[in-house]
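Below is one structure, written out as structure tokens, with a few remarks after it.
Quick note: residue numbers are just sequence positions, from 1. No experiment lies behind these values; they were computed from the predicted model shown. Whatever order the structure lists them in is the order used to number ligands and atoms, beginning at 1. When reading the values below, keep in mind they use all heavy atoms of this one structure, side chains included, and skip hydrogens, waters and symmetry mates.
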Amino acid sequence: MKEKIQPGNKRKVVIVGAGAVGSTHCYALAQSGLADEISIIDRNEDLVRGQVMDLVHGQPFFPTVSIKVGSPADYADASVIVITAGAAQKPGETRLQLLQKNAAIIKSIMGDIMGQNSPGVVIIVSNPVDILTYVALKYSGWERERIIGSGTVLDSARFRHLLSTHCGVDVHNVHAYILGEHGDSEFAAWSMTHIAGMPMEKYCPVCQGCSDWQAERVQIERSVRDSAYHIIGYKGATCFAVGLALVRIVEAILRGQNSVLTVSTLLNGEYGLSDVCLSVPCIVSDMGVRKIIENELTERESASLSASASILKNTVKELDSL
Ligand SMILES: NC(=O)c1ccc[n+]([C@@H]2O[C@H](COP(=O)([O-])OP(=O)(O)OC[C@H]3O[C@@H](n4cnc5c(N)ncnc54)[C@H](O)[C@@H]3O)[C@@H](O)[C@H]2O)c1
């Protein structure tokens, strides 16, 4: 396996945003042993100081890793920068006002990253992730490979979990992808869903786990889409699964793994779509997105992907500036 980082070089990850997602990701990343150094940056200085103190007290139980409060200077030698910074919606604030605010935050962070000539790959996590990935790309002028959105990596994990539970099969043996927007217009790519190498059309009759698999599919797809709403309703934020999904993306980059992940990437003619960031299967490696995999979709899936793209493009048009 090709390794980007040579012996003696640090595997350094900078996490921007020390809130629920950033701190949970840091905790999971520290346990993974993938990074030598993790710096966390947040504009809330007390929060980031407290999070780092709490995390470093776990060092006797982690693989060796340095965790510290970071500053923009840390971008200069970072291999990966994970941006989870975002403003929370205030009462009375519209979706568009929040979007403008988060776009400004992403541009300001990208400005700092560019100011340090960072060699790192940037992973955008803050929502709306597809729009903010697009904003970061347009603002920086960087090549599309190096700025990726966490996209539907989390949603695909939710989909695999639900299929695994439904079919009674180890989740590691379920291959399944959610494509499109990370949000309401996302959809399950059933034509790409496999168990034991069998497409679901072949697996369902063998499985015989339910009486009406078509109805079950609709229900599973809806459950994936509504997961975040339910979790946020119960506990105010989602953090554990997304923190782990981010570890998986960081791993693919740090280890140059060529992993197939549904990250959000800028399409440039692939799937007949251009100038929009959304999730399709990509090969993720040391430089970010190494290749976009163009699979044959069914007519319904193609229409869903185009619908997602239209929704995202219309949202970008609402922004004051890029
Ligand atoms: N893409 C996904 O799959 C996914 C999943 C869950 C959450 N999210 C998104 O991740 C983001 C973070 O969620 P959270 O629950 O951790 O929110 P949070 O409010 O707990 O944390 C956000 C943090 O960002 C910090 N911040 C704001 N502006 C900053 C700036 N300019 N520089 C540095 N730090 C700044 C805030 O101080 C805060 O600590 C949200 O946008 C959320 O919607 C994405």
Side-chain angles (χ1 to χ4, degrees), residues 14-28 39-52 54-55 69-72 74-75 81-90 93 95 97-113 115 122-136 139 147-159 178-184 186 224-250 261-265 277-279 312:
V14 179
I15 300 171
V16 193
V21 174
S23 61
T24 311
H25 172 51
C26 184
Y27 180 70
S39 293
I40 318 183
I41 298 175
D42 198 293
R43 68 177 172 194
N44 181 338
E45 290 179 15
D46 284 346
L47 176 71
V48 70
R49 208 167 284 141
Q51 298 284 35
V52 167
D54 197 3
L55 283 156
V69 175
S71 74
D74 283 298
Y75 298 136
I81 300 161
V82 182
I83 304 182
T84 74
Q89 195 157 13
K90 292 212 169 116
E93 193 172 43
R95 184 192 57 83
Q97 283 166 332
L98 180 66
L99 170 59
Q100 305 278 23
K101 216 190 259 180
N102 280 336
I105 289 173
I106 292 296
K107 284 196 263 187
S108 134
I109 294 167
M110 283 309 301
D112 288 344
I113 293 171
V122 171
I123 303 172
I124 307 281
V125 189
S126 318
N127 276 322
V129 64
D130 302 289
I131 304 292
L132 296 180
T133 304
Y134 185 85
V135 167
Y139 180 75
I147 301 183
I148 61 188
S150 58
T152 57
V153 175
L154 170 62
D155 316 69
S156 297
R158 288 171 173 155
F159 185 32
I178 296 289
L179 305 184
E181 176 195 16
H182 168 66
D184 292 342
E186 68 185 27
V224 173
R225 203 177 295 125
D226 293 346
S227 294
Y229 295 122
H230 290 308
I231 298 167
I232 290 168
Y234 288 131
K235 57 174 259 191
T238 66
C239 59
F240 294 118
V242 65
L244 287 165
L246 295 171
V247 173
R248 183 66 193 91
I249 304 172
V250 169
L261 296 167
T262 52
V263 291
S264 184
T265 191
C277 290
L278 47 65
S279 290
L312 291 165

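- Not a single N or O atom of T238, backbone or side chain, sits closer than 3.5 Å to an N or O atom of ligand 1.
- Here the straight-line distance linking atom CD1 of I40 with atom CZ of R49 works out to 13.0 Å at 0.5 Å rounding.
- When only interatomic distances are considered, the shortest N/O to N/O separation between N102 and ligand 1 does not fall below 3.5 Å.
- Residue-level proximity to ligand 1 for V242 is carried by the side chain, the only part with a heavy atom below 4.0 angstrom.
- Between the side chains of Y27 and D54, not a single donor N or O lies within less than 3.5 Å of an accepting N or O.
- Within the set E45, R43, H182, the minimum heavy-atom distance to atom 33 (C) of ligand 1 is found for R43.
- With ligand atoms numbered from 1 in the order given, ligand 1 contributes 6 (C), 7 (C), 13 (O), 14 (P), 15 (O), 16 (O) to contacts under 4.0 Å with heavy atoms of V21.
- Contacts between L47 and ligand 1 below 4.0 angstrom, taking non-hydrogen atoms only, involve the side chain exclusively.
- Between the choices G19, G86, P72, A20, the shortest heavy-atom distance to atom 24 (O) of ligand 1 belongs to G86.
- Between atom OG of residue S150 and atom CG of residue D130 there is a gap of 8.5 Å, rounded to the nearest 0.5 Å.
- Between S108 and ligand 1, a contact under 3.5 Å exists for no N or O pair.
- Considering backbone and side-chain N/O atoms, S126 never comes within less than 3.5 Å of an N/O atom of ligand 1.
- Between I123 and V250 the shortest heavy-atom distance is CD1-CG2, 3.9 Å.
- Of all heavy-atom pairs spanning A85 and S126, the tightest one is O-OG, 2.5 Å.
- Numbered from 1 in the order shown, with element, the atoms of ligand 1 that lie under 4.0 Å from a heavy atom of L154 read 3 (O).
- Between V129 and I124, the closest heavy-atom pair is CG2-O, 3.2 Å.
- The residue from T133, T152, D155 that alone fulfils the side-chain hydrogen bond (donor to acceptor under 3.5 Å, both in side chains) condition with H182 is D155.
- The N/O atoms of A237, backbone and side chain alike, include none that comes under 3.5 Å of an N/O atom in ligand 1.
- If you look at I105 next to ligand 1, the close heavy atoms, those under 4.0 Å, all belong to the side chain.
- The structure places CG of L154 at 9.5 Å from CD1 of I249, a figure rounded to the nearest 0.5 Å.
- Checked against a 3.5 angstrom limit, the closest N/O atoms of G151 and ligand 1 fall outside it.
- Closest non-hydrogen pair, D74 versus V14, comes out as O-CG2, 3.7 Å.
- Both the backbone and the side chain of A85 come within 4.0 Å of ligand 1, counting heavy atoms alone.
- Close N/O approach between V125 and ligand 1 is found [any backbone or side-chain N/O within under 3.5 Å].
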